There are 2 protein chains.
Amino acid sequence: MINIGVDLGGTTIKMALIDDEGKMIDKWAIVTNTIDNGKHIASEISSSILKKMQQFNLERSTVRGIGVGAPGFINMDTGFIYQAVNIGWKDYPFKDELESLIGLPVVLDNDANVAALGEMWLGAGLGAKNLICVTLGTGVGGGIICDGEILHGVSGMAGEIGHITVIPNDGAACNCGKTGCLETVSSATGIRRMALDALDYNDSVSILRDLFESKGDITAEDVFNCAAKKDPLSSTVAEKAAYYLGFALGALAVTINPEKIVIGGGVSHAGDTLIDPLTKYFKQFSLPRVFEACTIDIAKLGNDAGVIGAAWLCMQKVNQTTIS
Amino acid sequence: MINIGVDLGGTTIKMALIDDEGKMIDKWAIVTNTIDNGKHIASEISSSILKKMQQFNLERSTVRGIGVGAPGFINMDTGFIYQAVNIGWKDYPFKDELESLIGLPVVLDNDANVAALGEMWLGAGLGAKNLICVTLGTGVGGGIICDGEILHGVSGMAGEIGHITVIPNDGAACNCGKTGCLETVSSATGIRRMALDALDYNDSVSILRDLFESKGDITAEDVFNCAAKKDPLSSTVAEKAAYYLGFALGALAVTINPEKIVIGGGVSHAGDTLIDPLTKYFKQFSLPRVFEACTIDIAKLGNDAGVIGAAWLCMQKVNQTTIS
């Protein structure tokens with residue numbers, strides 16, 4: 001059977017046709033049309049998919065359905081979207097809408113969760129049924145899989161690991177309203193902030209400072225690049241980001257006992273410059289039996305994680321749903 | 001159908017007959033016979049149950065099977081016990097042994113997990129499918145239920161929340177070999193230690209000090225009793241225990257998004273003297289949506305949690321297993 005995966009983002013909607021063995025038959029993308037609070041999105045997805053099915057001569061009977069990873073706050077059972085700020089939706093029955101337009105079953109989950117499913121199926125988490133996925137980007141996102149199932153929690157808030165407090169006192173302010181969240185120190189934004197603070201705080205010679213003076217700004221990537229070149233100031237900042245991430249993941253690991261931790265997002269491109277200190281601190285803050293059972297890897301699927309995970313969701317869940 | 005619940009402890013083995021509606025038909029206990037590295041235990045459980053079935057005229061066809069909560073390190077799938085120090089077992093196929101003796105299907109899980117299942121079924125967690133159970137006793141134990149299923153993790157270590165690091169630097173030594181674990185500050189042992197340190201550190205007037213001087217020692221219970229009477233030194237210690245527990249549970253809650261947190265064990269008898277500050281800190285370290293969806297309650301089943309949870313395990317899992 002063919003599974004259709006849809007990764008619904010604020011700027012583009014990625015889509016793919018993927019068979020039950022995980023073979024990607026085609027992938028494509030359309031622009032996210034946020035005009036009129038996103039009311040045209042469902043019909044644009046529907047026509048794009050129908051056109052693609054025609055192009056590949058796919059009979060309806062060979063298509064299992066559509067899995068969607070969507071941003072915002074979602075009721076996973078009903079596919080009702082309470083709010084998706086980037087898109088403009090509020091109290092929108094997206095699943096029902098798309099199903100009635102396209103006549104195929106639709107299943108929905110949170111975009112961070114769906115990316116985790118993708119890495120579990122075909123990426124760095126290959127085959128692991130107990131998996132923690134962390135995305136280190138502008139913020140810190142998470143998807144947690146236990147016994148092959150995504151954790152949602154009682155109100156769909158599970159996996160918000162960016163908001164684990166890692167600095168209980170005098171931490172930096174977080175977008176969530178708290179202070180000292182993991183996101184304030186281990187996201188790209190947090191790493192940049194810590195580096196700017198460090199540059200401001202002392203006047204040591206540093207290739208990061210040279211970069212800052214020539215470009216007028218720095219990024220988390222610059223920090224890790226300079227740390228890889230043994231720049232002391234950059235290394236201190238990179239170490240700090242890894243320390244707090246290791247602290248939070250240690251706490252999670254003694255709770256979840258995962259087989260894999262998969263690190264994705266822009267910051268993960270730092271590779272060993274991040275993974276080496278992270279592994280050291282993760283060992284310090286977990287238990288020996290937990291540490292030994294777990295490997296930490298960089299995400300492998302990049303931008304395809306979403307559509308692949310959405311296709312997996314479709315494959316696993318569509319038989320449990322019916323078109324309403 | 002009748003489910004037999006067995007709670008296997010180092011000193012007694014509690015057993016109960018419980019029907020599918022959760023009605024306890026009878027409960028009883030036998031002494032744990034640790035002679036010869038516990039090799040007589042399986043046959044003593046078997047004969048005790050067979051005698052009880054005779055006493056109640058229970059036909060084999062009306063008994064679904066036997067659920068067991070056991071201490072130590074267990075393979076939940078095979079019912080093989082790698083090690084149970086208190087009992088003397090090492091590499092012991094307990095499930096196979098008991099099944100061949102009694103001729104009924106047996107399912108096994110960790111004792112802390114089984115107690116959590118008991119509270120979920122008939123206790124403080126009544127009906128909650130997303131539940132964190134914490135036992136504050138000599139140590140700090142945990143059982144985590146997500147979507148109605150106990151988390152085991154890849155090597156059976158999930159739920160070891162007593163070993164979440166809450167004091168990253170200069171924390172007290174823990175039995176696990178690390179320092180600053182939750183268990184070092186929020187267990188009965190940890191609370192007593194902190195109170196003795198506080199008595200030693202200053203010479204303020206305190207009813208806890210009076211108690212210490214008259215008895216020659218104090219317990220965690222004394223600390224909470226004196227805190228309830230507004231003794232400043234005791235209140236500071238109780239507040240500290242609640243602070244670290246709130247910190248750890250906040251991190252877990254943004255990860256798991258539980259509907260209930262159930263606090264059991266001796267320290268939970270402190271009631272509101274513990275729950276009030278704990279709730280305050282839990283709110284501080286979780287997210288508003290997570291906090292609002294969750295209530296914190298004292299465990300209700302006391303010593304019966306184990307047999308009730310074991311009976312539930314039997315009811316849920318026996319149909320999935322066969323006698324080997």
Side-chain angles (χ1 to χ4, degrees), chain A residues 73 128-132 142 144-147 149-168 174 176-182 243-244 246-260 281 283-295, chain B residues 73 128-132 142 144-147 149-168 174 176-182 243-244 246-260 281 283-295:
Chain A
F73 192 54
K129 283 179 161 301
N130 292 278
L131 186 68
I132 298 176
I144 295 172
I145 295 169
C146 294
D147 279 326
E149 297 283 339
I150 278 281
L151 295 194
H152 291 116
V154 66
S155 56
M157 292 289 287
E160 287 287 346
I161 66 184
H163 301 289
I164 291 178
T165 304
V166 294
I167 305 180
C174 184
C176 74
K178 295 199 301 165
T179 59
C181 294
L182 179 62
Y243 171 87
Y244 289 118
F247 176 74
L249 289 177
L252 289 196
V254 300
T255 307
I256 305 282
N257 186 202
E259 187 176 346
K260 290 259 186 181
Y281 294 118
K283 183 174 185 178
Q284 177 179 337
F285 294 120
S286 61
L287 290 164
R289 260 189 209 279
V290 169
F291 175 78
E292 283 152 21
C294 183
T295 52
Chain B
F73 191 53
K129 283 180 162 300
N130 292 278
L131 186 68
I132 299 175
I144 296 173
I145 295 169
C146 293
D147 280 327
E149 297 283 339
I150 279 281
L151 295 195
H152 291 117
V154 67
S155 56
M157 292 288 288
E160 288 287 345
I161 65 183
H163 301 290
I164 292 177
T165 304
V166 294
I167 305 181
C174 184
C176 75
K178 294 198 302 163
T179 59
C181 293
L182 180 63
Y243 171 86
Y244 290 117
F247 176 74
L249 289 176
L252 289 196
V254 300
T255 308
I256 306 283
N257 186 203
E259 187 175 347
K260 291 258 184 182
Y281 293 119
K283 183 175 184 178
Q284 179 180 333
F285 293 120
S286 60
L287 290 165
R289 260 187 209 279
V290 170
F291 176 78
E292 282 153 22
C294 183
T295 53

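Just so it is clear, the model here is predicted, and its values are computed rather than measured. Residue numbers start from 1 in every chain, and the chains themselves are labelled A, B, ... in the order their sequence lines are given, proteins ahead of strands.
- Using a 4.5 Å cut-off between heavy atoms, A/Ser286 touches chain B through its backbone atoms (N, CA, C, O) alone.
- In terms of heavy-atom proximity, A/Val154 sits nearest to B/Asn130 at N-ND2, 3.9 Å.
- At least one donor-acceptor pair under 3.5 Å links the side chain of B/Lys178 to the backbone N or O of A/Phe285.
- Remark: B/Asn257 engages A/Ser155 in a side chain to side chain donor-acceptor pair (under 3.5 Å) (not counting sequence neighbours).
- Distance check, rounded to the nearest 0.5 Å: CD1 of B/Ile144 to CG of A/Leu151 gives 9.5 Å.
- The CG atom of A/Leu252 lies 8.0 Å from the CD1 atom of B/Ile164; values are rounded to the nearest 0.5 Å.
- The choice from A/Gly177, A/Gly159, A/Ala293 that makes the most heavy-atom pairs within less than 4.5 Å of chain B is A/Gly159.
- How far CD of A/Gln284 is from OG1 of B/Thr165: 7.5 Å, rounded to the nearest 0.5 Å.
- When each of B/Gly156, B/Pro168, B/Cys294 is checked for heavy-atom pairs under 4.5 Å with chain A, B/Pro168 comes out on top.
- Of the atoms belonging to B/Pro258, it is backbone heavy atoms, and not side-chain ones, that fall under 4.5 Å from chain A.
- Atoms CD and CE, from B/Glu292 and A/Met157 in turn, are 9.5 Å apart once rounded to the nearest 0.5 Å.
- In this structure, SG in B/Cys146 is found 6.5 Å from CD1 in A/Ile256, a value given to the nearest 0.5 Å.
- The shortest side-chain heavy-atom distance between A/Glu160 and B/Leu287 falls under the 4.5 Å cut-off.
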